[in-house]
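Numbers restart at 1 for each chain; the letters A, B, ... are given by sequence-line order, proteins then strands. Everything numeric here is computed off the predicted structure, so don't read it as measured data.
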Amino acid sequence: MMELDLSGFESCPLFPGGVVADHGENPLAAASFQLPACSDFDGFQKDAIQMTKPAKGTTTLAFVFKEGVIVAADSRATMGGYISSQSVKKIVEINPHMLGTIAGGAADCQFWHRNLGIKCRLHELANKRRISVTGASKLLANILYSYKGMGLSVGTMIAGWDEKGPGLYYVDNEGGRLKGTRFSVGSGSPYAYGVLDSGYQFNMSVEEAAELARRAIYHATFHDGASGGVASVYHVGPQGWKKLSGDDVGELHYKYYPMILTPTEQEMADTSAA
Amino acid sequence: MECVFGLVGDGFALVAADSSAVNSILVHKSNEDKIMILDSHKLLGASGEAGDRVQFTEYIQKNVHLYEFRNGIPLSTAAAANFTRGELAQALRKDMDNHLERSELKSLDLTPISVGIITSKFVVTTILAPSVGTAQPKGCIGNGRDSSIAGYDKDIGPSLYYIDYIATLHKVDKGAFGYGSFFSLSMMDRHYHSGMSLKEAVDLVDKCIVEIRTRLVVSPPNFVIKIVDKDGAKEYAWRETIKDAEEPTA
């Protein structure tokens, strides 16, 4: 390890390379701290900080409306530039009345959602009533806060219907917890927000809301490389959650923007048939 | 990008804070209430990272309540402010392994507590929030996570305490934190005088909000104003330019 002596007190001759001799036992040693041995320390530091920032390559969204909560997500998993799966389940069922979404590390999200489900069930058994969405999200937020800075990557939304009606919370690995009516999480979220914000109305029917969610996911998958696969849409109502649809976004593309054959193409088709 | 500022008036304290919850370039929410009501006559305004701010202010709030339950009388503003400062100072000096690693990488900004609290029992509580939920590590210490504690004591009247993210404590008449402080501090210096009426104080706060909106490059769209007076701590007004969707009532 290099030792960088900034005090100027050291009178030892410098080793080749400008490194001061290691004098761990010397009580008069000048204050110094060890640096990693590399040529570009600033770049290294930047990379190191970048490594701790979890990247959430996905698009998930949820919003509250008159009839409850709509939760939607894509289903693509990427490892760098490689698409490792097109059929990841990003909406997890915590209990029959609560859904959670996955963004970030799949393992982290799946494990902690399962853990949250356990805690919710224990709460039901101990208190003889279902846990509220507020309580469930606070449980998860406190757990994630206690692991803050340790590299967990969780960007999740907890959606459910409890005694107070529909509830939606955003919880992330920084320990943040926000109550809201519209959230989108992941790398594709800015694209989804655009469609979601412009089309949102509180008084929508379930079909309209599901179509808005589907459309928002589709547009996000179109622009964001880390999102794709199947757009799943769930609805959480007073009776619990129900999966509404799961459409391949490639097929959605041609449904929203059907191909219009130009005359030339028609002719070519006729010629080859002839 | 978070702005909190506050001032002491004639028999009341006023705190204004922005209300956006932000994650790098994305605004998750524009009506997040960052001014916590500690008890009947105290406000705590805090700014800081998402998890830190809420966890720390709730911790202070619960401890203030605990004191009242145990001893039958509420804490004075000065006591609450000193308690908060003490907790902040303790947290900063905690030698938790993981926290050390964190702070090595992200410098002092990622201490377990990175909040600024303004409690004003009677005093305006301003809450400065450097940036809730920001993902970027802040290199420089001077990013202003401060807090103010404002409160009203029957014998003392309104008071405002400035506590910053490295646990400095000052009793002040007016304070401002965050990027907005660059604009509001001088405005308050110019127009503030002791014993301002509520109308004058709200006018000054509005002037500051307008100045922040005009001059700060990414200024928050909405602000919340809370006051503390002899009748208690309550929300006074919102100043909104963007209306978030209303939360549905049961």
Side-chain angles (χ1 to χ4, degrees), chain A residues 33 45-56 63-69 138 141-142 144-151 155 157 161-187 189-190 192-193 196-197 200-203, chain B residues 19-34 46 48-59 62 91 94 96-107 109-115 129 131-139 242-250:
Chain A
F33 51 87
Q45 192 180 39
K46 224 165 125 189
D47 284 339
I49 291 172
Q50 199 54 32
M51 243 174 38
T52 64
K53 278 199 283 192
K56 302 178 177 111
F63 58 88
V64 175
F65 70 118
K66 186 180 63 171
E67 308 274 356
V69 195
K138 190 73 177 170
N142 285 340
L144 294 178
Y145 183 72
S146 64
Y147 287 97
K148 187 176 158 104
M150 298 190 202
M157 295 180 286
W161 187 297
D162 57 27
E163 283 163 10
K164 293 211 186 77
L168 176 61
Y169 284 84
Y170 164 74
V171 180
D172 70 13
N173 54 274
E174 302 279 315
R177 171 174 167 269
L178 297 172
K179 179 169 160 68
T181 47
R182 285 203 297 277
F183 287 116
S184 177
V185 183
S187 54
S189 63
Y193 264 127
L196 183 56
D197 285 338
Y200 175 83
Q201 273 163 329
F202 184 74
N203 296 316
Chain B
S19 55
S20 37
V22 158
N23 191 329
S24 81
I25 59 164
L26 208 52
V27 176
H28 276 304
K29 204 174 166 201
S30 317
N31 57 2
E32 171 84 349
D33 186 359
K34 298 178 189 169
E49 261 194 41
D52 285 339
R53 173 176 57 85
V54 170
Q55 294 281 350
F56 185 69
T57 54
E58 284 186 355
Y59 173 76
K62 300 315 171 203
K94 239 181 183 166
M96 283 149 66
D97 287 343
N98 36 302
H99 283 296
L100 257 193
E101 279 157 16
R102 266 208 282 146
S103 42
E104 266 160 24
L105 282 178
K106 299 190 185 188
S107 94
D109 265 11
L110 265 208
T111 51
I113 312 294
S114 32
V115 293
S131 12
V132 174
T134 186
Q136 294 130 7
K138 305 241 194 300
I242 290 180
K243 208 129 177 52
D244 255 351
E246 290 291 313
E247 315 243 332
T249 45

- Message: I'd like to check Gln55(B) versus Lys148(A) (side-chain heavy atoms, cut-off strictly below 4.5 Å). Are they in contact?
- Response: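 Gln55(B) vs Lys148(A): side chains apart.
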- Query: Quick one: what part of Asn142(A) sits under 4.5 Å from any heavy atom of chain B, side chain, backbone, both or neither?
  - Reply: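 Both parts, backbone and side chain.
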- Item | Region of Phe63(A) that comes under 4.5 Å of a non-hydrogen atom in chain B |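 When you check distances to chain B, no heavy atom of Phe63(A) falls under 4.5 Å.
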- Query: How far apart are the closest heavy atoms of Leu26(B) and Ser184(A), and which atoms are they?
  - Reply: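 Closest approach of Leu26(B) to Ser184(A): CD2-O, 4.5 Å.
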- Closest approach of His28(B) and Phe183(A), non-hydrogen atoms and distance?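 Where His28(B) meets Phe183(A) most closely, the heavy atoms are O-CE2, 3.8 Å.
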